[in-house]
Amino acid sequence: MLELVIFDVDGLMIDTESVWKNAFDKAGDKYGISNLGDTLFPSLIGKRLEDEQVLLDRLLPSDIQDKLLNEWRQIGLSSLANKVPVKPGLYEMLDFLEQHHIKMAVATTTRRDLTEQRLKKIRVYDRFDYVLCGDEVTKRKPDPEIYLSVLKKMNTKAENTIVLEDSSMGVEAAYRAGIDCIQVPDIIAPTDLQKKQTVYTAKDLIEAKDYIKENRV
């Protein structure tokens, strides 16, 4: 019986990926490099920190790398401070789970202050029973620590839980935690490995809700 649904945030509940992609284009244009949103950004999604740096060193000139990345962060953060775009089906999913008295939690690699700011801006922060952020755990996804910590806090077994994720790192973290995962891919399409690590691939949160309704409630 389903007792708990755990949500990722960026790329799953809010459309941050498109914001950061656009920010890369603007930052790249400033430093004379076109289409970074289409070339560099997709390659960074889901990468471990050490792998990100290897990629950045290969694709960005060393003399402008720090300046360009700082510009990118400032553009992205400024955009998200003004408007946080919501993914289709989020409110319908939350309404559905509340109607069926299913607990809801958040497990995100984003730090606490930004997570609270964004979730409050779209008026969903108070709808979750528990929120765990990246600066409150010691290991990042794909390590299962964050999901195992949520299970412990919520006193819920893995078999009574579903994770909603968009990224390959999040999918792997849920898989390693032994929790069924529904992937709602964002910019990067799922590979055969992600398809094996999940119970379902949904085009959006509405389709994910329908799957839960038909198979777990």
Side-chain angles (χ1 to χ4, degrees), residues 1-20 79-134 136 141 146-167 170-171 173-175 177-188 190 194 197-217:
M1 181 178 178
L2 183 61
E3 298 177 5
L4 172 66
V5 174
I6 308 175
F7 291 70
D8 180 43
V9 178
D10 297 290
L12 188 280
M13 286 198 280
I14 56 179
D15 191 13
T16 48
E17 305 293 24
S18 65
V19 173
W20 290 113
S79 297
L80 289 170
N82 291 325
K83 181 180 180 181
V84 180
V86 179
K87 283 285 195 171
L90 174 60
Y91 298 119
E92 291 88 341
M93 173 67 85
L94 298 179
D95 290 344
F96 170 78
L97 296 176
E98 285 180 351
Q99 290 164 8
H100 288 81
H101 307 291
I102 296 169
K103 295 178 290 186
M104 296 180 286
V106 168
T108 176
T109 54
T110 301
R111 66 180 196 255
R112 165 69 60 175
D113 60 333
L114 293 178
T115 297
E116 287 195 12
Q117 178 190 94
R118 294 167 188 172
L119 295 184
K120 287 177 180 178
K121 201 171 188 68
I122 62 172
R123 305 181 310 280
V124 301
Y125 180 78
D126 292 333
R127 300 184 71 172
F128 290 96
D129 299 284
Y130 180 52
V131 175
L132 184 59
C133 301
E136 298 165 335
K141 300 173 185 177
I146 195 165
Y147 282 121
L148 295 174
S149 297
V150 172
L151 291 182
K152 183 176 181 180
K153 176 68 176 182
M154 300 300 293
N155 192 28
T156 306
K157 295 180 179 179
E159 56 263 34
N160 297 326
T161 303
I162 282 180
V163 163
L164 298 175
E165 272 283 0
D166 67 293
S167 72
V171 166
Y175 179 78
I179 309 172
D180 284 348
C181 180
I182 298 173
Q183 185 176 17
V184 187
D186 191 27
I187 291 177
I188 304 299
Q194 275 97 65
Q197 292 177 332
T198 56
V199 294
Y200 189 67
T201 302
K203 66 180 181 181
D204 54 30
L205 287 169
I206 295 174
E207 190 173 283
K209 172 184 68 67
D210 293 339
Y211 174 87
I212 293 173
K213 181 178 180 181
E214 294 170 7
N215 296 275
R216 296 295 297 269
V217 174

| task | Could you tell me whether a side-chain N or O of K103 sits under 3.5 Å from a main-chain N or O of D129, the two making a donor and an acceptor? | result |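 Not at all, since once roles are kept as given, no pair shorter than 3.5 Å links the two residues.
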Can you name the closest pair of heavy atoms from [X] and [Y] and give their distance?
X	Y	value
E98	M104	CG-CE, 3.5 Å
C181	A174	CB-CB, 3.9 Å
Y147	A177	CB-CB, 3.9 Å
T108	K141	CA-NZ, 4.2 Å

Is there side-chain contact between [X] and [Y], with at least one heavy-atom pair below 4.5 Å?
X	Y	answer
V131	R112	yes
E3	K157	no
V199	I182	yes
F7	L97	yes
I6	Y130	no
D10	R118	yes
L205	L12	yes
I14	L80	no

| Enclosure of Y175 OH (heavy-atom neighbours >12, cutoff 6.0 Å) |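 No, OH of Y175 has 12 or fewer neighbouring heavy atoms, counting only those of other groups under 6.0 Å.
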| More than 12 heavy atoms of other residues, nucleotides or ligands under 6.0 Å from CG of D113: is that the case? |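 Yes, enclosed.
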| message | The criterion is side-chain contact (heavy atoms from CB on, under 4.5 Å); which residues satisfy it with P190, sequence neighbours excluded? | response |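 For P190 the side-chain contact (heavy atoms from CB on, under 4.5 Å) partners, ignoring immediate neighbours, are Q183, P185, Q194, K195, T201.
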| said: As a quick check of understanding, evaluate side chain to side chain contact (heavy atoms under 4.5 Å, CB included) for I146 and T109, giving each step before the final call. | reply: CA-CA 9 Å; I146 195 165; T109 54; 5.6 Å; no
Working to the nearest 0.5 Å, report the span between [atom1] of [X] and [atom2] of [Y].
X	Y	atom1	atom2	result
R127	L94	CZ	CG	4.5 Å
T16	D166	OG1	CG	7.5 Å
L2	E159	CG	CD	12.0 Å
F96	D210	CZ	CG	8.5 Å
E136	S149	CD	OG	10.0 Å
E92	K209	CD	NZ	7.5 Å

Do any side-chain atoms of residues 82-90 form donor-acceptor pairs under 3.5 angstrom with protein atoms, and if so which ones, sequence neighbours left out?
{"residue": "N82", "atom": "ND2", "partner": "S78", "partner atom": "O", "Å": "3.1"}
{"residue": "K87", "atom": "NZ", "partner": "D186", "partner atom": "OD1", "Å": "2.5"}

| request: Kindly assign one of parallel, tilted or perpendicular to the pair Y211 and Y200, based on the angle between their ring planes and the thresholds 30° and 60°. | output: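 Plane angle under 30°, so parallel.
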| message | Y125 and side-chain hydrogen bond (donor to acceptor under 3.5 Å, both in side chains): which single residue from Q117, E116, K120 fits? | response |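 With Y125 as partner, side-chain hydrogen bond (donor to acceptor under 3.5 Å, both in side chains) holds for just one option, E116.
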| query | Do you know which of T161, N160, D180 makes side-chain hydrogen bond (donor to acceptor under 3.5 Å, both in side chains) with R216? | reply |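 Only one of T161, N160, D180 forms a side-chain hydrogen bond (donor to acceptor under 3.5 Å, both in side chains) with R216, namely D180.
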| field | Step-by-step side chain to side chain contact (heavy atoms under 4.5 Å, CB included) determination, L132 to K153 | value | CA-CA 10 Å; L132 184 59; K153 176 68 176 182; over 6 Å; no
| message | Checking M13 against L164 for the side chain to side chain contact (heavy atoms under 4.5 Å, CB included) test, could you report, in this order, the C-alpha distance in whole Å, the side-chain angles of both residues, the deciding distance, and whether it holds? | response | CA-CA 9 Å; M13 286 198 280; L164 298 175; over 6 Å; no
